[in-house]
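Working notes, beginning with the structure itself.
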There are 2 protein chains.
Amino acid sequence: MKRDQLGNQQCSVARSSAVLGDPWTLTLLSDCFLGVRRFEEFQERLKVSRTTLTSRLKLLEEHGILVQSQYEQKPPRFEYRLTQKGKELFPVISTLLTWGDKYYSDQAGPPILRRHKKCGHDFQTYIACSECGEPLELKDVEARKRPHNDSYPAVERGPM
Amino acid sequence: MKRDQLGNQQCSVARSSAVLGDPWTLTLLSDCFLGVRRFEEFQERLKVSRTTLTSRLKLLEEHGILVQSQYEQKPPRFEYRLTQKGKELFPVISTLLTWGDKYYSDQAGPPILRRHKKCGHDFQTYIACSECGEPLELKDVEARKRPHNDSYPAVERGPM
DNA sequence: CTAAGTAAGTCCAAATTACGGACTTGCAAT
DNA sequence: ATTGCAAGTCCGTAATTTGGACTTACTTAG
């Protein structure tokens with residue numbers, strides 16, 4: 001199977017990965033959350049080739065994760081901003097950052113620190129259950145395929 | 001800059017992305033959390049080429065995310081298991097799944113449901129602050145570069 | 001004893017994607 | 001008139017990915 005058909009799989013991770021599963025895309029999104037908006041700025045920070053950057057921005061736009069808006073008429077200049085859908089990737093980037101901080105920091109610690117304005121402390125993140133609010137642990141999770149229904153195809157890639 | 005140099009950047013997302021930023025890798029890890037362990041099984045479920053699968057498994061092993069262990073002597077057979085470091089990717093895959101369930105489900109809903117054994121409900125995830133336990137919202141986060149110290153290089157890719 | 005099967009890969013040629021650098025467009029400022 | 005800037009496009013070379021065939025080392029069925 002080819003990379004671009006991955007999005008048609010019956011699996012939310014596969015579908016998400018089809019858009020986000022690229023090192024530049026993830027780093028680009030991280031930069032978006034740090035306030036980067038312009039082509040030149042992305043290019044300089046990521047040091048990615050301009051062609052690749054263009055294609056990734058286009059893909060994120062097609063998926064409604066970024067919108068391009070014109071911030072200057074003459075000469076025409078554009079910026080990229082996160083949509084609501086894009087902003088909802090914050091948990092993904094945050095948990096990735098937390099993991100990276102833990103396993104790939106150098107001796108000086110994480111390069112970027114984040115402060116929670118509400119409590120005033122520098123934080124890392126953990127995940128919680130939407131239903132009971134308790135911290136979510138791997139051992140407490142039980143996965144299953146959705147119940148089969150004649151109108152929809154059965155799920156192929158279920159848990160073992 | 002080339003893909004394999006991304007891990008040297010001073011940015012935890014870039015460093016993490018250098019390992020995980022690939023559609024197959026993310027989907028493969030998702031399968032690990034569903035209990036998949038064998039080469040043939042990964043190959044059949046992901047429908048990825050065998051060469052690519054081999055290279056991804058090797059990369060994850062080099063990074064200490066998976067370990068290969070022999071489960072049969074004659075003939076020699078192996079399985080891949082998540083290490084502690086690998087298991088700590090659970091929040092990343094979970095938040096990615098939650099986002100994918102929201103934006104890429106078909107009419108029959110998410111293909112795979114997850115139940116929280118502690119409370120008995122099917123759940124989605126949200127992230128919380130490690131310091132105060134409150135749900136973490138984008139607008140309450142303030143990013144900054146780590147304080148400069150003569151012994152370590154200044155951070156390049158800081159917030160805007 | 002032979003043939004078929006299985007798990008975990010390796011090998012290969014063709015197709016796709018990425019790379020860096022030069023170039024383009026449209027305008028402003030010196 | 002030239003230089004500078006932002007946001008790209010173009011292009012030839014280099015690297016990666018793909019799908020399928022093949023390998024190795026055993027087991028099981030006939």
Side-chain angles (χ1 to χ4, degrees), chain A residues 1-9 14 17-28 31-32 35-63 66-81 160, chain B residues 1-9 14 17-28 31-32 35-63 66-81 160:
Chain A
M1 189 199 272
K2 291 189 187 165
R3 207 207 244 63
D4 55 343
Q5 294 170 287
L6 191 62
N8 305 325
Q9 291 287 105
S17 299
V19 198
L20 307 175
D22 172 280
W24 304 119
T25 305
L26 288 169
T27 314
L28 192 162
D31 271 6
C32 288
V36 181
R37 302 209 173 121
R38 299 186 192 169
F39 188 91
E40 293 295 323
E41 215 146 35
F42 286 121
Q43 204 276 319
E44 199 177 324
R45 289 170 65 97
L46 303 180
K47 289 161 178 46
V48 65
S49 77
R50 306 176 77 82
T51 15
T52 307
L53 179 56
T54 302
S55 92
R56 294 305 182 277
L57 287 168
K58 199 163 286 171
L59 186 68
L60 289 170
E61 228 194 320
E62 280 166 13
H63 279 265
L66 296 179
V67 265
Q68 197 184 33
S69 75
Q70 197 160 351
Y71 69 87
E72 197 182 272
Q73 302 299 320
K74 299 165 181 235
R77 291 292 139 81
F78 304 93
E79 64 181 12
Y80 293 89
R81 284 169 168 274
M160 307 296 304
Chain B
M1 189 198 274
K2 292 191 184 162
R3 208 208 242 64
D4 55 343
Q5 294 169 288
L6 190 63
N8 305 325
Q9 292 286 106
S17 299
V19 198
L20 308 175
D22 172 281
W24 304 120
T25 304
L26 288 170
T27 315
L28 193 162
D31 271 6
C32 288
V36 181
R37 303 209 172 120
R38 301 188 191 168
F39 188 92
E40 292 295 323
E41 214 146 35
F42 287 121
Q43 204 277 320
E44 200 177 323
R45 289 170 65 97
L46 303 181
K47 288 161 179 46
V48 64
S49 76
R50 305 176 78 81
T51 13
T52 306
L53 179 56
T54 302
S55 92
R56 293 305 182 277
L57 287 168
K58 199 163 286 172
L59 186 68
L60 289 171
E61 228 195 320
E62 279 165 14
H63 278 265
L66 295 179
V67 264
Q68 197 184 35
S69 76
Q70 196 160 351
Y71 68 88
E72 197 183 271
Q73 301 299 320
K74 298 166 183 236
R77 291 293 139 82
F78 304 93
E79 63 180 13
Y80 294 90
R81 282 168 170 275
M160 306 299 303

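Side chains are part of it too, since the values below use all heavy atoms of this structure and drop only hydrogens, waters and symmetry mates. Please read all numbers here as calculations on a predicted model, not as lab measurements. Chain letters run A, B, ... following the sequence lines, proteins first and then strands; every chain starts at 1.
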note: A:R50, atom CZ; D:dC10, atom P; distance rounded to Å ~ 14 Å
Here the residues of residues 37-47 of chain B within 4.0 Å heavy-atom distance, strictly under, of DNA chain C are B:R38, B:F39, B:E40
message: For the CD atom on A:Q68, are there more than 12 heavy atoms of other groups (residues, nucleotides or ligands in this structure) within a distance under 6.0 Å?
response: yes
Taken to the nearest whole Å, CE/A:M1 to C1'/D:dT17 is 14 Å
Judged by nearest nucleotide, the residue sitting upstream toward the 5' end of DNA chain C, A:T52 or A:P76, is A:T52
When rounded to whole Å, the CD to P distance for the pair B:E72 and D:dA25 reads 15 Å
With a cut-off of less than 4.0 Å, is there a side-chain N or O of A:Q5 near OP1 or OP2 of D:dG19? no
Between A:R77 and A:K2, the residue closer to the 5' end of DNA chain D by nearest nucleotide is A:R77
With a 3.5 Å distance limit and no angle check, can you tell me whether B:Q43 reaches the backbone of B:V48 through a side-chain donor-acceptor pair? yes
Here the distance between atom C1' of D:dT9 and atom CZ of A:R56, to the nearest Å, is 16 Å
Between CG of B:L53 and C1' of D:dT16 the distance, given in whole Å, is 16 Å
Intermediate values then yes/no, side chain to side chain contact (heavy atoms under 4.5 Å, CB included), A:Y71 and A:R37 = CA-CA 11 Å; A:Y71 69 87; A:R37 302 209 173 121; over 6 Å; no
Span of DNA chain C engaged by chain A, first through last nucleotide within the 4.0 Å heavy-atom cut-off, is C:dA18 to C:dC27
Taking for A:S49 and for A:K74 the nucleotide of DNA chain C with the nearest heavy atom, the one nearer the 5' end belongs to A:S49
In whole angstroms, the gap separating C1' of D:dT17 from CH2 of B:W24 amounts to 10 Å
_Taking the side chain as everything from C-beta on, heavy atoms only, tell me whether A:M1 gets closer than 4.5 Å to A:Q9._
yes
When rounded to whole Å, the CD to C1' distance for the pair B:Q70 and D:dC26 reads 13 Å
Within the structure shown, what part of the strands sits under 4.0 Å from A:S55 by heavy-atom distance: base, sugar-phosphate, or nothing? nothing
Closest non-hydrogen atoms of A:S17 and B:L26, given as atom of the first, atom of the second and distance, are OG-CB, 3.3 Å
note: A:D22, atom CG; D:dT17, atom P; distance rounded to Å ~ 11 Å
Between A:P23 and B:L6 the two heavy atoms that sit nearest each other are CB-CD2, 3.4 Å
Non-hydrogen side-chain atoms of A:M160 and B:E41 separated by less than 4.5 Å: yes
Under 4.0 Å from OP1 or OP2 of D:dA7: is there any side-chain N or O of A:Y71 that close?
yes
For A:V19 and A:L59 the tightest heavy-atom approach is O-CD2, 3.9 Å
* Asked: Does a side-chain heavy-atom distance below 4.5 Å link A:D22 with A:L28?
  -> no
